[in-house]
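Take a look at the structure set out below.
All ligand and atom numbering here is 1-based and tracks the order in the structure.
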Amino acid sequence: LRWINLDADLPESDSHSEELRQRGSDIIDGLRSNPKTLPSRYFYDDLGSELFEQITDLPEYYPTRTEQAILDDYVSEIVALTGACELVELGSGSSRKTHTLLTAYSQLEDPLHYYPIDVSAGILRTTALQLLNDYPKLNVCGVAGTYERALANLPPRMVQNRMLMFLGSTMGNLDDRSCDLFLTQVQQALQPGEFFLLGVDLQKPIEILEAAYNDAQGLTAAFNLNILRHLNHRFAGDFNLDNFEHFAFFNTTASQIEMHLRSLTAQTAKLKDLDLEISLQAGETIHTEISRKFNLPALTDMLAAHALQPLKVWTDSQSWFGLILCQR
Ligand code: AVJ
């Protein structure tokens, strides 16, 4: 088991406050803009990752189980198309769906290497240890960090062939510009002939989409609010979570779910370590996430335009979710 930490733990004293501010610059920019925004990756501290795990089991949250069903149905076809390769997974989280792939690839003669990448170092560690237990011949190298930093600093190949995986429609969090940059980075991280496996959520009736982000148990609300708790913890903040409510809807024009936090009163909050004071009016929102619902033909065109040639596209019986295998 090897580790690469690209987001070194927070400094203990405030003697590194310049570095802290540097690291929080995306938060400062987002909270100073109008309308206010926050980068979605701040959902995923250890509690946020745990809340997301619970969301994936909700009756309303169809993406995870739909993607799992596609993987179950077509995993042997995927393995047959790629042959032996090492697996690099962006945003691996609990790696739950990855078990299907690891089981199939571990049946090949070749040694199997798996590189989970996640911003939550805690869930990454727990998952890696569990996987080593489940797959005795698996080699794991965990990478703690953002996609940008991880893609630019991937560990050297242990075998000839590599597949980058980005499942769960996490790419839906990226707007057009970020998506373009991301796919360019993916293409650059791969050698010619190597693979990219992408899972994406697709367009479907608005009632189904909105229910998935407004579950009856309120787990999605808790997940959304947790971003403020995470910021409080990480940057000595004083956001009062009771003064905000979860707000999610499908933006038909942009074909994306949007999650916001709506301020219930006029209020101010501080993030002390970022030297930042934020004022919110009653009803003002902080935009915390977009979750795009893709159109498959447009997406495969975009992949091809980034020299990631789609080899095969799989969907479920209702065409709710898509899995695309690309080759550089
Ligand atoms: C993990 C980013 C794919 O967009 O559906 C779940 C996160 N947000 N409920 C998604 C999420 C609200 C999820 N992704």
Side-chain angles (χ1 to χ4, degrees), residues 37-71 89-98 116-120 123-124 127 146-148 150 165-176 178-179 182 197-230 244-251 254-262 285-294 299 316 320-324:
T37 63
L38 280 171
S40 305
R41 66 187 168 82
Y42 287 99
F43 284 131
Y44 302 98
D45 63 347
D46 288 336
L47 176 60
S49 292
E50 176 53 38
L51 285 168
F52 177 67
E53 274 321 297
Q54 295 178 22
I55 287 173
T56 63
D57 283 330
L58 286 169
E60 297 96 334
Y61 195 76
Y62 61 84
T64 311
R65 75 180 67 92
T66 311
E67 184 177 42
Q68 181 66 64
I70 302 171
L71 283 168
E89 182 169 17
L90 296 158
S92 48
S94 70
S95 300
R96 202 163 66 173
K97 288 165 299 195
T98 320
I117 300 169
D118 208 281
V119 281
S120 294
I123 196 165
L124 190 67
T127 301
T146 61
Y147 308 139
E148 301 76 46
M165 313 193 301
F166 200 30
L167 303 177
S169 204
T170 307
M171 199 172 75
N173 283 172
L174 306 181
D175 62 20
D176 271 327
S178 311
C179 196
F182 172 78
L197 185 66
L198 178 65
V200 286
D201 201 7
L202 305 176
Q203 289 155 0
K204 61 185 62 61
I206 187 167
E207 301 75 27
I208 295 163
L209 290 168
E210 290 192 334
Y213 293 83
N214 289 287
D215 64 279
Q217 285 176 53
L219 272 176
T220 309
F223 173 74
N224 195 6
L225 284 159
N226 179 62
I227 201 169
L228 298 180
R229 205 201 50 85
H230 181 201
F244 292 88
E245 72 179 1
H246 166 73
F247 168 50
F249 66 96
F250 185 61
N251 177 333
S255 189
Q256 62 195 22
I257 287 281
E258 295 185 8
M259 292 213 311
H260 300 256
L261 289 167
R262 188 192 278 132
T285 62
I286 305 174
H287 189 177
T288 51
E289 184 181 54
I290 63 168
S291 187
R292 298 169 69 184
K293 306 305 161 188
F294 294 94
L299 182 57
D316 54 288
W320 277 9
F321 203 93
L323 189 66
I324 308 170

Taking 4.0 angstrom as the limit and counting only heavy atoms of Ser169, give me the atoms of ligand 1 inside it, by number and element.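 Listed by number with element, the hits are 3 (C).
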Show me which atoms of ligand 1 lie under 4.0 Å from any heavy atom of Asn173.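 Here the atoms of ligand 1 in question are 2 (C), 4 (O).
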N/O separation below 3.5 Å, [X] to ligand 1:
X      : value
Ser291 : yes
Glu289 : yes
Thr220 : no
Thr170 : no

Ser40 side chain to Thr288 main-chain N or O, any donor-acceptor pair under 3.5 Å?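 Yes.
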For Ile290, does its backbone N or O pair with a side-chain atom of Asn173 as donor and acceptor, under 3.5 Å?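 Such a contact is found between Asn173 side chain and Ile290 backbone.
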Does Pro63 come within less than 4.0 angstrom of ligand 1, counting non-hydrogen atoms of the residue?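 It does not, in that no heavy atom of Pro63 comes within the 4.0 Å cut-off of ligand 1.
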Counting non-hydrogen protein atoms only, what is the nearest one to atom 3 (C) of ligand 1? Give residue, atom name and distance.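 Ranked first by proximity to atom 3 (C) of ligand 1 is Gly168 O, 2.9 Å.
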I need the nearest protein heavy-atom contact for atom 13 (C) of ligand 1: residue, atom name and distance, please.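 Checking every protein heavy atom, the shortest distance to atom 13 (C) of ligand 1 gives Tyr61 OH, 3.3 Å.
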Testing Asp201, Asp176, Asp175 one by one against Arg292 for a salt bridge (Lys or Arg N to Asp or Glu O under 4.0 Å), which residue passes?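 Only match with Arg292 under salt bridge (Lys or Arg N to Asp or Glu O under 4.0 Å): Asp176.
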Which one holds for Tyr44 and ligand 1: side chain close, backbone close, both close, or neither close, with close meaning a heavy atom under 4.0 Å?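 The answer is the side chain of Tyr44.
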Please work out whether any backbone atom (N, CA, C, O) or any side-chain heavy atom from C-beta onward of Phe43 is under 4.0 Å from ligand 1, and answer side chain, backbone, both or neither.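 For Phe43, no heavy atom sits under 4.0 Å from ligand 1.
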Please verify the inter-ring angle class for His260 with Phe247; under 30° counts as parallel, over 60° as perpendicular, anything in between as tilted.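 His260 and Phe247: tilted rings.
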So Phe166 and Tyr147, would you call those rings parallel, tilted or perpendicular, with 30° and 60° as cut-offs?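 Rings of Phe166 and Tyr147: perpendicular, as their planes differ by over 60°.
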Distance-minimising heavy-atom pair for Leu225 and Phe244: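 Minimum heavy-atom separation between Leu225 and Phe244: CD2-CB, 3.7 Å.
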Check Gln256, Glu210, Met259 against Phe249 for a side chain to side chain contact (heavy atoms under 4.5 Å, CB included) and give me the one that passes.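 When Gln256, Glu210, Met259 are each tested with Phe249, the side chain to side chain contact (heavy atoms under 4.5 Å, CB included) holds only for Glu210.
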Positive for side chain to side chain contact (heavy atoms under 4.5 Å, CB included) with Glu53, one of Ile55, Leu51, Thr56: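 Testing Glu53 for a side chain to side chain contact (heavy atoms under 4.5 Å, CB included) against Ile55, Leu51, Thr56 leaves exactly one candidate, Thr56.
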